[in-house]
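The chains referred to below are lettered A, B, ... by the order of the sequence lines, with proteins before strands, and numbering in each begins at 1. The structure displayed is predicted, hence computed values, not measured ones.
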Number of protein chains: 2
Amino acid sequence: MTDRYHHGDLRRALIDAAVEAVGEAGPSALSLRAVAKRAGVSHAAPAHHFGDKAGLLTAVAAEGFDRFADALEAAWRDFGEFGAVGAAYVRFAIDHRPYFEVMFRPELVHTDDPDLLRAEARSREALHRGSGGAGSGAAFNAAALGAWSLAHGFAELLIAGNFPQAVKDDPEAAFKAVARATGEIRD
Amino acid sequence: MTDRYHHGDLRRALIDAAVEAVGEAGPSALSLRAVAKRAGVSHAAPAHHFGDKAGLLTAVAAEGFDRFADALEAAWRDFGEFGAVGAAYVRFAIDHRPYFEVMFRPELVHTDDPDLLRAEARSREALHRGSGGAGSGAAFNAAALGAWSLAHGFAELLIAGNFPQAVKDDPEAAFKAVARATGEIRD
DNA sequence: GGAACAACTTGACACTGTCAAGACCGCTGC
DNA sequence: GCAGCGGTCTTGACAGTGTCAAGTTGTTCC
């Protein structure tokens, strides 16, 4: 099972092509046929590898959540404070925008995909660790949910173009200022 | 210019049909032809009224922002505190989910539409008033942006199914608890 | 009553996702 | 060395999509 017969690694190439295409026109404008053309294969090749369009986007989202977890873990390891983790959250949304645009859209992916669920759980745990909440417990952790909401809302509003130029110029500094203003950072 | 020739008020009917359709399958699965069928007109009627698909969704988003502004203004008028305004933000996302799913998606609408811009400005102002920031000023207001991010992130994560059952059971109370935990509410 | 015009319909086009069938390829077993 | 096999990808088809040009229907104004 070398996973590379004719093309080499078509699965990899298709995911890359999909990420490129999403980066150019957003996930709703994604066309399987355009992805296939970009990868230099026939129009039905993507469906063969991923089942359907949602399957391809599921693979993109899973890979995105893995990279996302890496970024959040690194921020927590290097700085050990929520400000840095939240800033990494925001930076990821900017630097890996195509991934981010797919990751939190349940209607675009197969939400029960095992690989997606695993990667999601990794991200969730990294974020939870980085927002002060140690144990999850039965009831919800208000502070952790607040930290998540703050970072996620900031990232979403930012990439949707709702923030003034001053924020776009230095998003990480802006986020830290905002987090400090809301009492999330106490130093 | 009575705006009602054959059908009565087709524009109104098409918007209602679009909202219904978005509510059932999300905005990315919206089909102009399905909307037309739902309203009982020919398949090209929506394009005639709204120019194209984005035009129809623009009308939906504009109407959404108007209702949104109404809700935020009412919450501020009746309670005068951010907790209530934020809770109204979250409730709107739940109760008028089809609108909300279109409102913050620039790639789905004509972002330069005058009616949309007007309604957006109304919402923005109502929210700004409800989050403590009185004057907008040249630089950005960190506290106001934080309040917006918190409410928006909470709403997005909630309707995307990322929160535990306890939050879904009483979203408004959960939001207030979260806002209090992040220091947004000081009473 | 006819002209001007807006509101819609009809028909067509290129494009989309998906599916069944087949062709191609590299490996295994003999 | 070669037959068979299974996975990889292609080909061809289908119904459905958004959009556009042209035509039809109805309303209003003179």
Side-chain angles (χ1 to χ4, degrees), chain A residues 1-61 102 105-111 113, chain B residues 1-61 102 105-111 113:
Chain A
M1 307 300 171
T2 62
D3 203 79
R4 33 177 66 223
Y5 280 66
H6 303 67
H7 176 279
D9 195 351
L10 183 51
R11 184 188 155 86
R12 177 74 262 146
L14 288 172
I15 292 179
D16 289 341
V19 170
E20 269 187 55
V22 170
E24 288 170 14
S28 40
L30 182 78
S31 147
L32 283 186
R33 294 172 109 104
V35 168
K37 187 170 289 183
R38 213 182 271 258
V41 291
S42 82
H43 69 264
H48 174 265
H49 267 270
F50 299 98
D52 56 7
K53 191 176 178 177
L56 172 56
L57 289 177
T58 301
V60 171
V102 169
R105 298 270 155 84
E107 78 276 15
L108 297 181
V109 302
H110 293 141
T111 49
D113 179 79
Chain B
M1 309 299 171
T2 62
D3 203 79
R4 33 176 66 224
Y5 281 65
H6 303 67
H7 175 280
D9 194 354
L10 183 51
R11 185 186 153 85
R12 179 72 262 148
L14 288 172
I15 292 179
D16 289 342
V19 171
E20 269 186 55
V22 170
E24 287 169 15
S28 41
L30 182 78
S31 148
L32 283 185
R33 294 172 108 103
V35 168
K37 187 171 290 182
R38 213 181 271 258
V41 291
S42 82
H43 69 264
H48 175 263
H49 266 271
F50 298 98
D52 56 7
K53 191 176 177 177
L56 172 56
L57 288 177
T58 301
V60 171
V102 169
R105 297 271 154 83
E107 80 275 14
L108 296 181
V109 303
H110 293 141
T111 50
D113 180 79

Nearest-angstrom distance from the residue atom [atom1] of [X] to [atom2] of [N]:
X	N	atom1	atom2	answer
His48(B)	dA22(D)	NE2	C1'	13 Å
Asp9(A)	dC9(D)	CG	C1'	14 Å
Asp52(A)	dG16(D)	CG	P	18 Å
Phe50(A)	dT18(C)	CZ	P	13 Å
Lys37(B)	dT17(D)	NZ	P	7 Å
Arg11(B)	dA6(C)	CZ	P	17 Å

Contact class for [X] vs. all strands (heavy atom < 4.0 Å): base, sugar-phosphate, or nothing?
X	answer
His49(A)	sugar-phosphate
Leu30(A)	sugar-phosphate
Ala47(B)	nothing

Between [options], which one does the side chain of [X] approach most closely?
X	options	value
Leu10(B)	dG12(D), dC8(C), dT16(C)	dC8(C)
Leu32(A)	dT9(C), dT18(C), dA12(C)	dT18(C)
Val41(B)	dT10(D), dT9(C), dT18(C)	dT9(C)
Lys53(B)	dT19(D), dC19(C), dG17(C)	dT19(D)

To the nearest 0.5 Å, what is the distance between [atom1] on [X] and [atom2] on [Y]?
X	Y	atom1	atom2	answer
Arg38(B)	Asp16(B)	CZ	CG	11.0 Å
Leu56(B)	Leu30(B)	CG	CG	6.0 Å
Leu32(B)	His49(B)	CG	NE2	13.0 Å

ask   = Would you say Ser31(B) reaches dT17(D)'s phosphate, i.e. side-chain N/O to OP1/OP2 under 4.0 Å?
value = yes

query = Can you find a donor-acceptor pair, distance only, under 3.5 Å between Arg33(B) side chain and dG16(D) base?
reply = no

ask   = Could one point to a donor on the side chain of His43(B) or the base of dG16(D) with an acceptor on the other under 3.5 Å away?
value = no

request  = Could you tell me whether a side-chain N or O of Thr58(A) sits under 3.5 Å from a main-chain N or O of His110(A), the two making a donor and an acceptor?
outcome  = yes

query = So which of Val109(B), Val22(B), Val19(B) actually passes side chain to side chain contact (heavy atoms under 4.5 Å, CB included) with Val60(B)?
reply = Val19(B)

